[in-house]
Every structure is written in C-alpha cells, then in structure tokens.
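All ligand and atom numbering here is 1-based and tracks the order in the structure. What you see is a predicted model, and the numbers here were worked out from it, not measured in a lab.
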Amino acid sequence: MADPGHGKRHVGVVGLAVMGENLALNIERNGFAPAVYNRTAARTEEFLATRGKGKDVQGTFSLEEFAASLERPRRILLMVKAGAPVDAVIEELAPHLEEGDILIDGGNSLFVDTERRSTEVADRGFQFVGMGVSGGEEGALWGPSMMPGGPAEAYEALRPILEAIAAKSEYGPCVTHIGPGGAGHYVKMIHNGIEYGDMQLIAEVSHIMRRALGMTMPAIGDVFERWNTGKLESFLIEISATVAKHIDPDTGKPLVDVILDKAEQKGTGRWTSINSYELGTPIPVIDAAVISRAISSFKPQREYASTILTGPGSDGIKLPQVPDREATIDALEDALYFSKISSYAQGMALLKVASDTYEWNLNFAEIARIWTAGCIIRARLLAPIMDAYTNDPDLANLMFDPFFTGEINASMSHVRTAIHTALDFGIPTPALSAALNYVDAYRSAVLPADLIQGLRDYFGAHTYQRRDKEGTFHTEWMEVETS
Ligand code: NBP
C-alpha cells in the first residue's frame, strides 16, 4: 500500500512481545506501514535492531510520538498482557487520541471486560474493537485467524489490513466481523475452550494406546501421522505426531516421557466453563478438559494415591488381556472423531445461546469458516460444520445436521469400545466419557429428571409438571400411600 501521506503510518502496534512483534512484521510484509511502541524502550530498540531491521517499521518511544505518527482515524492494535495492562494502556493513550480513533485489543481479554471497555471507550468518543487472535507466534507472523468484535464501521476501517494479514483458506481470509461489543473475544474464548477439549481428547486416546496397548510415544506418533491423512486431519493431530515422536537429546527417551505430567492453564478454558454454567448450556468435554488439567497439577497427591488406591494392574488385581492392537487403534480413531463432533456440537450450542442472550446475531457458518486456517483448532471437520450452519443458520444442535447425525451414529459403537477398554485397564477418560454421555443424554427422550422433580417437590414443595396433563402440581408426599 502507498504511503498514507504526510509521512504518517497506517497502523500502530502497542506491545512488542511474541504476538505484537510478529503481527507488526505481518502487517509490514503485507504492505501496510506500522508504527510500534513498547512500554520498555529496550524491547523496541532490540526489535528495530533485529527482526525489524531494514523493514518499514517506525519505532516510537513515547505514546505522544506514537499517536502523532499515525494517520487518522488512528488504528491502534494493543498486544499487551490481558487484564489490567489493557486498561492501563488505554488510560495512557487516551489523551493523545481524537474522536473516531480505533483501539483494537488483540489480546485474550475476558469478553465482559471487553463489553465494559467498549462502553467506556465509546463514551470518550473513540471506537473499541475486541479482537481474538489465534495461531500463536507462527500464526501472528504468517496469518492468524482473527475474531474482531465492535462497531461495524470500525471493522470496515480495519478490514483491508485484517484481510491482508489473515490466514487464507480455500474459503477466504480467516477474519470476519463477529458482532458488537465483546462478541469477538467471546468467540475466541469458545475457540480456546474447544482447543482445550481437543487436546484432552487426544491425550486420552494416547493414554489408552500407551497403557492398554503398551505402545511407545513414537509408535503413537506414527498413528497420529496416519490419522492426519483422514477425517481427523487437523493442526493439533499434526503437531501431536511431531511431539510424540520427538526424542530428548539428553536422555535418548521420547521427550513426552520426560516432560512432567502437570498441565498448566491460563484461564480461557475455565472462563468458557464458567460462562456455560451461567447460560445453562453444558459443554462437558471442555469442563472435563479444565478439570483434568487441575487434577494433573496434584502430582504429589496422585503419586501417593497410586500407592494406596488399587485398580487394574495394582495390588494383585489382574490386568485384562491386551486387546487387538489394530482393531483398538481403529476404534480409537472413531472414538476421537465422535468425541470431537460431540465437543464441537457443545461449543456451537453454547455460542448459539450466547448469541441469543447477548443479542449478538452471530453467524455460525462464518465463525466455522474463519477457523478453517490460521488458528489452533483448524481441522478438516470445520468445513462440514460450516456447511451445516450455511444450510440451517438456526440449527439448534450440530448433531441434528444430517451429515453429523450420520457420522455420530456410525462411530458411536467405537467410542463405547474405547471407553470399555479404558475402564478395564483403569485408565481415566473424562473427556471421551463426557462426549459419549452428552450424546447418550441428548438421544434419551426420557431421563431420570422425573425422580429429581419428585424429590424437589418432596422436600421443598417446588412443584412439578406431568406428562399426561397440563398444569403445575404439588403432592403431599407424606400423606400418599406408598407401594
Ligand atoms: P504478553 O501477554 O506476555 O504481554 C507482554 C506485553 O505486555 C509486553 O509488551 C509488555 O511490555 C506489555 N505490558 C504489560 Br505485561 N503491562 C503493561 C502495561 N501496564 N503497560 C504497557 N504495556 C504493558 O505478550 P504476548 O504473549 O505477546 O501476548 C499478548 C496478548 O495476546 C495476550 O493477551 C495474550 O494472552 C494474547 N495471545 C497470545 C498468544 C501467544 O501465543 N503468546 C496467542 C494468542 C493470543 P513490557 O515489555 O514493557 O513488559
């Protein structure tokens, strides 16, 4: 793109850590001229002297200089740590901004913070865009998937830059205007929750291969590599193969066997679970993933418990016979596929309820489309999800789409086989089981909630409805004859 005139820059980036630095280089490579600013000047200097050297990047060393360098309306991308730093930067920048300028928070902010900031920033006469960015370091540099929310006119002012720097799939650039206020950060939160679920499911099937089939991590890596040529093709399966096959140069062992089995988390999965409880729309696979990371962190307790709590393979309890390897691997492939569909159905159902509750008017086909490249959950599965919501934008549950109904029915027996095997060997499968239980509950026209309603009415006179007639009923249970 040509010089914007008067020596001004097209866009500003605040925060030159992993994401800001790579996004600035991506912006520059695509013909837009960025100005950059970082609170700690040394980081800016280092960037200009290394990766920014010889590039059309203007370093600035005060927010005044930074703001003055930008064409109007200013387009300023904040890539600072989520939370208080975002508010701090807005406060410091505000005196240097003018009406109509656009502030984009590209960090992993909690959507309710984004809702608040949208109002606060709008009250000051500026526009606020809360934008989820996925793809990590590589994505930021070569093309992320971006989920911007905020005023539609602000998106239009950003569109040329965002479309240029976004990942491209066969379905177009992986960016779209998600909706108003916190909608973009909400969709990014769901994306991250789904990412948690995918990773937990992959870990569970690898655990079954390790413990029930006695396979090594490199052999499991070969299986992942094979799966990545089929219906499970995805970034996470691809990198699972690479990670599983990696040998630690210090010990000569597969590196995964050396890595401490305590999973950490930054909170986006937990936020998704909390929100699902608030909206009364379950996402049990994501919940299982969040819970599993928490349990994994109790390493000393787990080590102690392993010496006192018995199960298959311990304290004289025999392990079952090792099942047929190829048949089990095939069952695991289908189990993972089934569980992934169940998990995506849960995540998309939560998106739908959020869209209705917060009045965001989300376009689910577009959301699936912008996840087809650039982001961590990119997968072959996203194309049929896109098709499902294109065919029926009001789809109540992904499993009701004829393609997915067929896929769920075809793979259901295999998820049961996989869970049976895990149960026999005492291998935990919280996410696989949650995926199956969700489907089993969904396909149960009758559930034991009838008894729960009876109990609630007994102790709290909470009343109940009947299957055979309209109305609200209460029973004086103590006076009724019991059989
Ligand atoms: P970090 O999340 O590590 O944040 C570091 C940046 O924030 C530095 O530039 C730092 O400046 C700046 N900063 C802080 Br901390 N407090 C500040 C303050 N009060 N005022 C001004 N600047 C402040 O960077 P990141 O890993 O690049 O991530 C940026 C955002 O993108 C985060 O919200 C993150 O969750 C999100 N995200 C990250 C990834 C990833 O793969 N890393 C992927 C997707 C999204 P300093 O140099 O002066 O300390």
Subject >> Contacting atoms of ligand 1, where contact means under 4.0 angstrom from a heavy atom of V133 >> reply: 44 (C), 45 (C)
Original post:
With atoms numbered from 1 as shown, which atoms in ligand 1 lie under 4.0 angstrom from a non-hydrogen atom of L16?
Top reply: 9 (O)
Subject >> Expected output: side-chain N30 to main-chain N26 donor-acceptor under 3.5 Å >> reply: yes
Original post:
Is R116 salt-bridged to E120, going by a charged N under 4.0 Å from an acidic O?
Top reply: yes
Original post:
Are E333 and K231 ion-paired here, with the side-chain N under 4.0 Å from a carboxylate O?
Top reply: no
Original post:
By number and element, which atoms of ligand 1 are closer than 4.0 Å to a non-hydrogen atom of V18?
Top reply: 27 (O)
**OP:** Pull out every atom of ligand 1 sitting under 4.0 Å from any heavy atom of R43, numbered as shown with elements.
**Re:** 47 (O)
Original post:
Which of the atoms of ligand 1 are close to V89, meaning less than 4.0 Å from one of its heavy atoms?
Top reply: 20 (N), 21 (C)
Subject >> Closest to atom 9 (O) of ligand 1 (judged by heavy-atom distance), picking from N38, T268, L23 >> reply: N38
Subject >> Element-labelled atoms of ligand 1 that are located less than 4.0 Å from some non-hydrogen atom of G136 >> reply: 41 (O)
Original post:
Is a donor on one side and an acceptor on the other found under 3.5 Å between the side chain of S339 and the backbone of L336?
Top reply: no
**OP:** Just jot down the ligand 1 atoms closer than 4.0 angstrom to any heavy atom of G107, in number order.
**Re:** 30 (C), 31 (O), 32 (C), 33 (O), 36 (C)
Original post:
Are R302 and D261 ion-paired here, with the side-chain N under 4.0 Å from a carboxylate O?
Top reply: yes
Original post:
In the protein, which heavy atom is nearest to atom 32 (C) of ligand 1, and how far is it?
Top reply: V80 O, 3.7 Å
**OP:** Check whether any N or O atom of R39, backbone or side chain, sits under 3.5 Å from an N or O atom of ligand 1, and answer yes or no.
**Re:** yes
Original post:
Where is the nearest protein heavy atom to atom 24 (O) of ligand 1: which residue, which atom, and how far?
Top reply: A17 CB, 3.3 Å
Original post:
Which option out of L78, N192, T40 puts a heavy atom nearest to atom 48 (O) of ligand 1?
Top reply: T40
Original post:
Just wondering, are more than 12 heavy atoms of other shown residues or ligands nearer than 6.0 Å to OH in Y277?
Top reply: no
**OP:** Calculate, to the nearest 0.5 Å, the distance between atoms OH and OG belonging to Y196 and S273 respectively.
**Re:** 9.0 Å
Original post:
For E99, does its backbone N or O pair with a side-chain atom of R72 as donor and acceptor, under 3.5 Å?
Top reply: yes
Subject >> Sidechain N-carboxylate O distance under 4.0 Å for R378, E233 >> reply: no
Subject >> atom 34 (C) of ligand 1: nearest protein contact (heavy atom, Å) >> reply: N108 N, 4.1 Å
**OP:** With side chain to side chain contact (heavy atoms under 4.5 Å, CB included) as the test, would you mind laying out the steps for V129 and I102 before giving the verdict?
**Re:** CA-CA 7 Å; V129 172; I102 305 167; 4.0 Å; yes
Original post:
In the protein, what heavy atom is nearest to atom 15 (Br) of ligand 1, and what distance, to one decimal place, separates them?
Top reply: K81 CB, 3.6 Å
**OP:** Could you tell me whether M79 and ligand 1 have an N or O pair separated by under 3.5 Å?
**Re:** no
Original post:
So which heavy atom in the protein is nearest atom 38 (C) of ligand 1, and how far is it from that ligand atom?
Top reply: M19 CG, 3.4 Å
**OP:** Check the pair M146 / T176 against side chain to side chain contact (heavy atoms under 4.5 Å, CB included), numbers first and verdict last.
**Re:** CA-CA 7 Å; M146 288 171 288; T176 192; over 6 Å; no
Original post:
Which of the atoms of ligand 1 are close to G15, meaning less than 4.0 Å from one of its heavy atoms?
Top reply: 9 (O)
